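Here the structure is laid out as C-alpha cells; the discussion comes afterwards.
It should be emphasised that the depicted structure is a prediction, and the values quoted were computed from it without experimental measurement. By convention in this document, chain letters (A, B, ...) are assigned in the order of the sequence lines, proteins followed by strands, and residues within each chain are numbered from 1. What's counted below: heavy atoms across the whole structure, side chains too, no hydrogens, waters or symmetry copies.
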Protein chains: 2
Amino acid sequence: MIGAGIKRGTAELAVLSVLEDGPLHGYELARRIEQQTKGALRFTLAALYPMLYRMEQRRWIRGAWETSDNGRRRRCYRLTPAGKKKLSPLRQEWSELFQALRRLKKVAHA
Amino acid sequence: MIGAGIKRGTAELAVLSVLEDGPLHGYELARRIEQQTKGALRFTLAALYPMLYRMEQRRWIRGAWETSDNGRRRRCYRLTPAGKKKLSPLRQEWSELFQALRRLKKVAHA
DNA sequence: CTTTACATGTAAGATTCTTATATATGAAAG
DNA sequence: CTTTCATATATAAGAATCTTACATGTAAAG
C-alpha cells in the first residue's frame, strides 16, 4: 500500500530531487523548487528549514556551514548516500499514487 | 500556485471521485477506494468518518440515515451540486501537482 | 456459542505545512 | 549616508490531515 508519508510530503521529494543536482543551501533550494516547477510548487522558508533539519536527523542529507563569496554565512546541504538510496523508492511510491488516483477517476464511471 | 490543501488530502479526491458514481455509505466507500486502486490507496474508517463529517459541513456531500435490507442502520452520502462543481478544479490542481513533480525530476512512468 | 463481516463512531497523537515574527548582512538607489 | 531590497537563517503558534487504538453494536456463518 502507498505509505502514509507519501500522501503529504511533497516537499520531501522536492528537496531530495533538487539536491540530487548538487549541494545547495536552504534559501536557494526554495527558489529552485519554485523555478523548476514554474511557480506551481512553492515552499516558504519557514516550512523548509525545519524540514531540512528533520531530514538531516534521518541522515538523508548532511548540512555544513560555509561562508559564501560575499561573506554570508549559510548552511549548505548535500545528499548522503542514504538520501540517494531513498530517492528511487520514493519516486516509485509517488508514481503509484498517481496511478491510483487515475484509476479512481476512470473506474468512477466505468 | 498549487493550494496547500492539495498536497495532502488524497482522501478528499478519492471520496468525491467514488461518490461521483453514486451514493454510498462510509464502510462501502472505504472498500471501493481500496478495490478501485487495487489496494494502493487505503483509508481506515477512523480516518474516513471524520472526513465525511467535515465534507458535509462544507456542503460537498450530504448524508442521510437509511436502513438497509438487512436492517442495518447506515449513513448514506451523496454528492451535492457544490461537490460536483468542486471535483473538476480539484482534479485540475492534482494534475498540476503531478506535472510539477515530474518537472523536478522524472517520476517513474508518468 | 464463537468468529467473521457489517457498520459507526471517539480519542490521543504524530506530522506537515501555514502565517507571523525575529535577526542580521551586503548591495543598490536615492 | 541612509533607506530599502535581496540574501540568509530561524522559531512560534496554529490549522489540517492522517494514524493507531479504543468503544459499540447487529447479523450471518460455522
Side-chain angles (χ1 to χ4, degrees), chain A residues 1-16 23-35 40-58 60-61 63-77 90 93-94 97 100, chain B residues 1-16 23-35 40-58 60-61 63-77 90 93-94 97 100:
Chain A
M1 192 187 64
I2 289 164
I6 220 61
K7 297 186 216 156
R8 33 194 162 173
T10 340
E12 204 165 81
L13 177 61
V15 168
L16 290 177
L24 275 181
H25 58 285
Y27 190 87
E28 180 63 19
L29 237 165
R31 251 191 359 198
R32 295 275 178 100
I33 291 173
E34 193 174 344
Q35 278 173 3
L41 263 186
R42 181 157 62 236
F43 293 97
T44 60
L45 291 160
L48 216 51
Y49 287 122
M51 195 181 47
L52 289 172
Y53 179 77
R54 287 194 299 268
M55 291 173 72
E56 198 174 6
Q57 297 301 303
R58 289 174 205 152
W60 295 351
I61 61 178
W65 286 108
E66 62 170 42
T67 307
S68 68
D69 303 334
N70 38 16
R72 279 198 201 85
R73 151 190 172 277
R74 58 196 194 181
R75 192 153 176 84
C76 189
Y77 290 97
L90 198 60
E93 264 198 284
W94 274 98
L97 176 62
Chain B
M1 193 185 63
I2 289 164
I6 220 62
K7 297 187 217 157
R8 32 199 163 170
T10 340
E12 205 166 80
L13 177 63
V15 167
L16 289 176
L24 276 182
H25 58 284
Y27 190 87
E28 180 63 17
L29 237 165
R31 251 192 359 200
R32 295 278 178 100
I33 291 173
E34 194 175 344
Q35 277 172 4
L41 263 186
R42 181 157 63 237
F43 293 98
T44 60
L45 291 159
L48 216 52
Y49 288 122
M51 195 180 48
L52 288 171
Y53 179 78
R54 286 195 300 269
M55 289 172 73
E56 198 173 8
Q57 298 300 304
R58 289 175 204 152
W60 295 351
I61 61 177
W65 286 108
E66 63 171 39
T67 308
S68 69
D69 304 336
N70 39 15
R72 281 198 199 86
R73 151 192 171 276
R74 58 195 195 181
R75 193 154 176 83
C76 189
Y77 290 98
L90 197 59
E93 263 199 285
W94 274 98
L97 176 62

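- As a whole-Å value, the separation of B:R74 CZ from C:dA5 C1' is 13 Å.
- B:F43 CZ to B:Y49 OH: the interatomic distance, rounded to the nearest 0.5 Å, is 15.0 Å.
- Put simply, CG on A:L97 and CG on B:L41 are 6.0 Å apart, with the number rounded to the nearest 0.5 Å.
- Between D:dA10 and A:Y49, no contact under 4.0 Å exists linking OP1 or OP2 to a side-chain N or O.
- In this structure, A:R73 places its CZ atom 13 Å from P of C:dG26, rounding to the nearest Å.
- A donor-acceptor contact under 3.5 Å links the side chain of A:R8 to the base of D:dT17.
- Residue B:L45 contributes atom CG, which lies 15 Å from atom C1' of D:dG25 at whole-angstrom precision.
- Computed from coordinates, the A:E56 CD to D:dA10 C1' distance equals 14 Å when rounded to whole Å.
- Nucleotide C:dT8 holds its C1' atom 6 Å from the CH2 atom of B:W65, rounded to whole Å.
- Among the protein residues, B:A46 comes within range of the nucleic acid bases, having at least one heavy atom under 4.0 Å from a base atom.
- Comparing C:dT19, C:dT8, D:dT9 against the side chain of A:T44 picks out C:dT19 as the nearest.
- Between B:E28 and B:R31 there is a salt bridge, since a side-chain N of the basic residue sits under 4.0 Å from a carboxylate O of the acidic one.
- Between B:A47 and A:A47, the one whose closest nucleotide on DNA chain D sits nearer the 5' end is A:A47.
- Side-chain proximity of B:K7 to D:dT11, C:dT18, D:dT17: nearest is C:dT18.
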Worked check of side-chain contact (heavy atoms from CB on, under 4.5 Å) between B:R75 and B:E56: CA-CA 12 Å; B:R75 193 154 176 83; B:E56 198 173 8; 3.0 Å; yes
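- As a whole-Å value, the separation of B:L48 CG from D:dT17 C1' is 13 Å.
- Atom CE in A:M55 sits roughly 14 Å away from atom C1' in C:dT15 (whole-Å rounding).
- Applying the 3.5 Å distance criterion, the base of D:dA8 shares no donor-acceptor pair with the side chain of A:R72.
- Side-chain proximity of A:H25 to D:dT9, D:dT17, D:dC18: nearest is D:dT9.
- Of all non-hydrogen atoms in A:I2 and A:E93, the two that sit nearest each other are C-OE2, 3.7 Å.
- Checking the phosphate oxygens (OP1, OP2) of C:dC6, a side-chain nitrogen or oxygen of B:R31 falls inside 4.0 Å.
- Residue A:G9 is in sugar-phosphate contact alone, with no base atom involved, counting any heavy-atom pair closer than 4.0 Å across all strands shown.
- Between A:G26 and B:P50, the residue anchored closer to the 5' end of DNA chain D is A:G26, taking for each the nucleotide with the nearest heavy atom.
- A:L16 CG to A:M55 CE: the interatomic distance, rounded to the nearest 0.5 Å, is 3.5 Å.
- Among the nucleotides D:dT7, C:dA5, C:dT16, the one closest to any side-chain atom of B:Y27 is C:dA5.
- If you check every strand for non-hydrogen atoms under 4.0 Å, B:T67 touches nothing.
- In this structure, B:L13 atom CG and D:dC18 atom P are separated by 11 Å, rounded to whole Å.
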